[in-house]
Student: 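Attaching a single structure in structure tokens format; questions to follow.
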Amino acid sequence: MEKYNHQEIEAKWHKKWDEEKLYQVGEDKSRPKYYVLDMFPYPSGAGLHVGHPKGYIATDILARMKMMGGFNVLHPMGWDAFGLPAENFALKNKVHPATQTAKNVVTYKSQLQKIGLTYDWDREINTTDPEYYKWTQWAFIKMWEKGLAYESTAPIIWCPSCQTGLAMEDLEEGRCERCGSEIERKPMKQWVIKITAYADRLLNDLDKLSGWEDSIKEMQKNWIGRSEGAEINFSLVCHPERSGAEPRDPLKVFTTRPDTLFGVTYVVLAPEHEIIKNEKLIIKNKKEVDQYINEAKKKSDLQRTDLNKDKTGVKLEGVMAVNPANGEEVPVFIADYVLPNYGTGAIMAVPAHDERDFEFARKYDLPIKTVVSSFCHPERSDSEVKDLKIADPSRGAQDDKGGGDVFCDDGVNINSDFLNGLKTAEAKKKMIEWLEKEGKGKMKVNYKLNDWVFSRQRYWGEPIPFVHCAKCGTVPVAEKDLPVRLPEVEHYEPTGTGESPLANISDWVNTTCPKCGGQAKRETNTMPQWAGSSWYYLRYIDPKNSQALVDKEKEKYWSPVDFYVGGAEHATRHLIYARFWHKFLFDIGAVNYDEPFTRLQHVGLIIGEDGRKMSKRWGNVINPDDIIEKFGADAMRVYEMFMGPFGASCAWSTNGLTGARKFLDHVWAISESIEQRTENSGKEISSLLHKTIKKISEDIAEFKLNTCVSAMMILTNEIEKKTHPVSRGSNYRYPPRLAELGTPPAEGNSHPSQEGISREDFAKFIQILAPFAPHLAEEIWQEKLGNQASVFKSVWPKFDPELIKDETINLIVQINGKLRATISVPAEISQNEAINSARENDNVKKWLVGKEISKIIFVPGKLLNIVLK
RNA sequence: GGUCCGGUGGCGGAACUGGCAGACGCGUUGGACUUAAAAUCCAAUUCCAUUAAACCGGAGUGAGGGUUCGAUUCCCUCCCGGACCACCA
């Protein structure tokens, strides 16, 4: 018997598949399309570890199955190659980022090719290719034309170590996601994309995405962070003794709890708030206030948002805020717990019903006024609430500073004039109506989502295609002049002045204005890494198009992506940016659909055998090349799918891998005796085969790939048992006492049993195995089973519903819900027949002796439960 | 603190819509083969009690309660773990 030589087989089929261009995607539009996509990798210098290809293997299985299902399948791969790591590596090693990136791509590609993936490499894309980023730049100019890209000088987040501005999305616990440095706020001229203009659509259209996992939709929802409330017009007066006198400065605050307006006891501004700079505002302790503002400026965001930290603030002496609801004057503070970039940068403080305000009020000895009572909890019925108009305030915050608790839930209003007795939802509504009627405020929706800071002061990114002309202002580069290529530089170190390294290349910077032809300077900032990845899936459809981002007819056929697989860490960055970018392209008529990804599945990490994340630092990295050499790509593919649920993270186990390899060895062994196959499969095998076909067809669609593998293992075990009853069981010593009780199995049966699998049925098994272990399956399909064409050109087998029906079943017999027997009965058995059969069972008899039956539960084909009195 | 997800043998995990818990794989133990080892093959493997061996029996899916003839699955309370967000008013 020949041994399963994975190295030979895999090399052989890689070559053949390549020669016959098996994976080349055609434009045959008569067939239905299927677009299955992996999040393309950033080709880092470290190369792939075994965790990276997990998602690629899964999409490959889906792609191969769909190929066999008659679909025209697009399964492409490319490189998200701009970004800081390449640049940082370049700085350290004095290699141009482009050189290093090209090198990494070669490594990645060779590693991927060994796994036997169905990528059509003719469609390979690279975000750093000028022919690619031309269209990234083009889209950006279109956004500018629509007013969605603008320049801003608002303070942005700045990483002092990477020396670049960042977007909110690039932070992790208040630190730079790349290098872990504490970040600062720095006022700088920046390009910003008005993604907030799409906030509502990005949120509402999540409902359309039924093929997305709820967890990821939830993350996006939280990230967009829509909250409904009111903008309320307070005003500032400068001398308390002259209350009501002019001048008054209007001050808008945002709140989600307009129902608590009567409970306001002070007002807080963010230290950055514009109104403080107003000369007319007479602040008696201006020195102290300015000092606080300066300190706040110096603090890093991390220090400022540290949750354990005490809240600090300074009272604006001599300034009072007027509550528009009751004309009451309350003190005004500045405090850095109020964020400048959310809402209006000012809040009305209701310490009785907001934890942060409560904490602050306790610290600075401010009054706490209860206006919502918890006593009438919203769970109580309306009638009860009416009876309890003045409710027990004892569970709300207390006026005296000794005790009391803050109460932030919904309740019923008290001490609130015209809101008294109303439940929170009603009170909110009524207050907003009143404010609008009086012109003292309005209903307002706010989002946590911020506009997308789009400038990076680094070298290795797409140049922003604009020039600054003294006469014409900011002018886009003409479309015919795109792409604006990234120039060669000698030094790509950050300048440290907040300018991009590109600013030093005067040849490149100095240009002419596309509008007036006069002298102008190029924009020297580059785009963030997320730019190129926001639309790459469209480029695979039409990778060589020089006239358009994508041909709209081709896009109509291939879009949207049917199945998208990648890490959950991209739920709130890449996936929001891509949805936004896509919707924008849809709005300008460049694409046909308004959502890019029909179905989204996240991949769980593979962690190291020691339970830690695979990393050089822990020395627990496993290179797929080594595994493939030793055990084969097919064994690695099968194992990675078998490890656990696809979305769960799981620790690598080389022992576990050997189980997958053994399974393939068994398949090989069965194929070696193919000539001894029986004409027809045994009944049990053929039934099991068809059940397996059904299960795998269904489970692949649901991405339950681990149970697919186990189903195939079960089938393989069964085939071996039935085919060679002797080799399986000849050494089994039948317990002597059992032998007395029943018939021992026949011994010495050395011929292949008639119960085994036929050649034809074995071929069907090979077909369903093929997506998982393509090399082995192809070898058996062509070399052993004598097929002329690839197994991937064969038609996916259908299960026969007749064959999966069981004639006899094991009926569960329960007595009082406890299992007492399982009896073998015809599948179609009726309730009465089932009861009669059950009564014949010795154990059932025993339990029924002297007992009266009160109830019978019968689930046809499954179970009989006899309930006794 | 918020939102979401999860908790099943020694380990990874399976279980349709509420219906035999522990499939499949790893590991372990015993056996066959071998001069021996590896590999391979066969068998056992939730726990407790019982037994020469077994049947039979009891407990059991983080803890406690509930709904139900019946709960890993549904509901409530709590504990633990993970992911994401986090002073967003």
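In what follows, chains carry the letters A, B, and so on, assigned in the order in which the sequence lines appear, proteins first and then strands, with residues in each chain numbered from 1.
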Student: For the ring pair Tyr266(A) and Tyr364(A), is the centre-to-centre distance below 6.0 Å?
Tutor: no

Student: Given rG19(B), rA23(B), rA21(B), identify the nucleotide with an atom nearest to the side chain of Ile714(A).
Tutor: rA23(B)

Student: Take atom CD1 of Ile157(A) and atom C1' of rA86(B), then tell me their distance rounded to the nearest Å.
Tutor: 14 Å

Student: Does Asp207(A) come within less than 4.0 Å of Lys217(A), counting only side-chain N to carboxylate O?
Tutor: no

Student: Just call it for Trp652(A): base, sugar-phosphate, or nothing, with non-hydrogen atoms closer than 4.0 Å on any strand.
Tutor: nothing

Student: If I take atom CG in residue Asn450(A) and atom C1' in nucleotide rA86(B), what distance separates them, rounded to the nearest angstrom?
Tutor: 14 Å

Student: Hey, does Val338(A) reach any base, or is it just sugar-phosphate, or nothing, if we go heavy atoms under 4.0 Å?
Tutor: base

Student: Restricting to non-hydrogen atoms, name the atom on Arg579(A) and the atom on Leu206(A) that form the minimum distance, rounded to 0.1 Å.
Tutor: NH1-CD2, 3.3 Å

Student: Tell me what Arg573(A) touches on the nucleic acid: a base, only sugar-phosphate, or nothing, going by heavy atoms under 4.0 Å.
Tutor: nothing

Student: Search all heavy atoms of Val603(A) against all heavy atoms of Gly567(A) and return the closest pair with its distance.
Tutor: CG1-N, 3.7 Å

Student: May I have the distance from Trp223(A) (atom CH2) to rC4(B) (atom P), rounded to whole angstrom?
Tutor: 18 Å

Student: Write down the distance separating the P atoms in rC24(B) and rC41(B), rounded off to the nearest Å.
Tutor: 15 Å

Student: Looking at Phe262(A), does the NZ or CZ of Lys369(A) lie under 6.0 angstrom from its six-membered ring centre and within 45 degrees of the ring axis?
Tutor: no

Student: Tell me what Glu218(A) touches on the nucleic acid: a base, only sugar-phosphate, or nothing, going by heavy atoms under 4.0 Å.
Tutor: sugar-phosphate

Student: What I want to check is whether the side chains of Asn446(A) and Ser227(A) have a donor and an acceptor closer together than 3.5 Å.
Tutor: no

Student: Choosing from rC85(B), rG19(B), rC4(B), which nucleotide comes nearest the side chain of Ser215(A)?
Tutor: rC4(B)

Student: As a test of reading the structure: which of rC56(B), rC69(B), rG25(B) is closest to the side chain of Val867(A), going by heavy atoms?
Tutor: rC69(B)

Student: Quick one: do the Asn620(A) and Trp652(A) side chains pair a donor with an acceptor below 3.5 Å?
Tutor: no

Student: In sequence, state the C-alpha distance, the side-chain angles, and the governing distance for Arg661(A) and Asp665(A), and then conclude on salt bridge (Lys or Arg N to Asp or Glu O under 4.0 Å).
Tutor: CA-CA 6 Å; Arg661(A) 167 66 199 217; Asp665(A) 282 333; 3.2 Å; yes

Student: Just to confirm, is there a sub-4.0 Å distance from OP1 or OP2 of rU40(B) to any side-chain nitrogen or oxygen of Arg661(A)?
Tutor: no

Student: Does rC56(B) have OP1 or OP2 sitting under 4.0 Å from an N or O in the side chain of Arg820(A)?
Tutor: no

Student: Name the nucleic acid region contacted by Ser653(A), choosing base, sugar-phosphate or nothing; use a 4.0 angstrom heavy-atom cut-off, strictly under.
Tutor: nothing

Student: Select base, sugar-phosphate, or nothing to describe what Lys221(A) touches, counting heavy atoms under 4.0 Å on all strands.
Tutor: nothing

Student: Report yes or no: is there a donor-acceptor pair, N or O only, under 3.5 Å between the side chain of Asn222(A) and the base of rC85(B)?
Tutor: no

Student: Got a salt bridge between Asp806(A) and Lys691(A), using NZ or NE/NH1/NH2 to carboxylate O under 4.0 Å?
Tutor: yes

Student: Would rG9(B) be called syn or anti, given that syn covers angles within 90° of 0?
Tutor: syn

Student: Base, sugar-phosphate or nothing for Asn655(A)? Non-hydrogen atoms, less than 4.0 Å.
Tutor: sugar-phosphate

Student: What's the closest nucleotide to the side chain of Tyr337(A) if the choices are rC87(B), rA83(B), rC20(B)?
Tutor: rC87(B)

Student: Ignoring backbone atoms, test whether His666(A) places a side-chain nitrogen or oxygen under 4.0 Å from the OP1 or OP2 oxygen of rC41(B).
Tutor: yes

Student: Any side-chain N or O of Trp847(A) under 4.0 Å from OP1/OP2 of rG57(B)?
Tutor: yes

Student: Is any side-chain nitrogen or oxygen of Tyr639(A) closer than 4.0 Å to OP1 or OP2 of rG25(B)?
Tutor: no

Student: Quick one: Asp354(A) CG to rG1(B) C1', roughly how many Å, whole number?
Tutor: 12 Å

Student: Nearest to the side chain of Lys662(A), heavy atoms from C-beta on, is which of rC26(B), rA59(B), rA89(B)?
Tutor: rC26(B)

Student: Tell me which nucleotide among rA59(B), rG19(B), rC85(B) gets nearest to the side chain of Leu863(A).
Tutor: rG19(B)

Student: Using heavy atoms to find the nearest nucleotide of RNA chain B for Asn843(A) and Met348(A) separately, return the residue whose nucleotide is more 5′.
Tutor: Asn843(A)

Student: Identify, between Gly659(A) and Leu449(A), the residue whose nearest nucleotide on RNA chain B lies closer to the 5' end.
Tutor: Gly659(A)

Student: So that I know where these two stand, are Phe631(A) and Tyr639(A) an aromatic pair - ring centroids less than 6.0 Å apart?
Tutor: no

Student: State which of rC24(B), rA89(B), rC41(B) makes the closest approach to the side chain of Asn717(A).
Tutor: rC24(B)

Student: Under 3.5 Å between N/O atoms: give me all the protein pairs with nucleotides 12-16 of chain B, atom names plus distance.
Tutor:
| residue | atom | partner | partner atom | Å |
| --- | --- | --- | --- | --- |
| rG12(B) | O2' | Met643(A) | O | 2.7 |
| rA14(B) | OP1 | Asn706(A) | ND2 | 2.9 |
| rC16(B) | N3 | Lys862(A) | NZ | 3.4 |

Student: Do Glu355(A) and rG1(B) have a side chain to base donor-acceptor pair shorter than 3.5 Å?
Tutor: no

Student: Between Glu718(A) (CD) and rC24(B) (C1'), how many Å, whole number?
Tutor: 13 Å

Student: Any base atoms under 4.0 Å from Ser227(A), or only sugar-phosphate, or nothing? Heavy atoms, all strands.
Tutor: sugar-phosphate

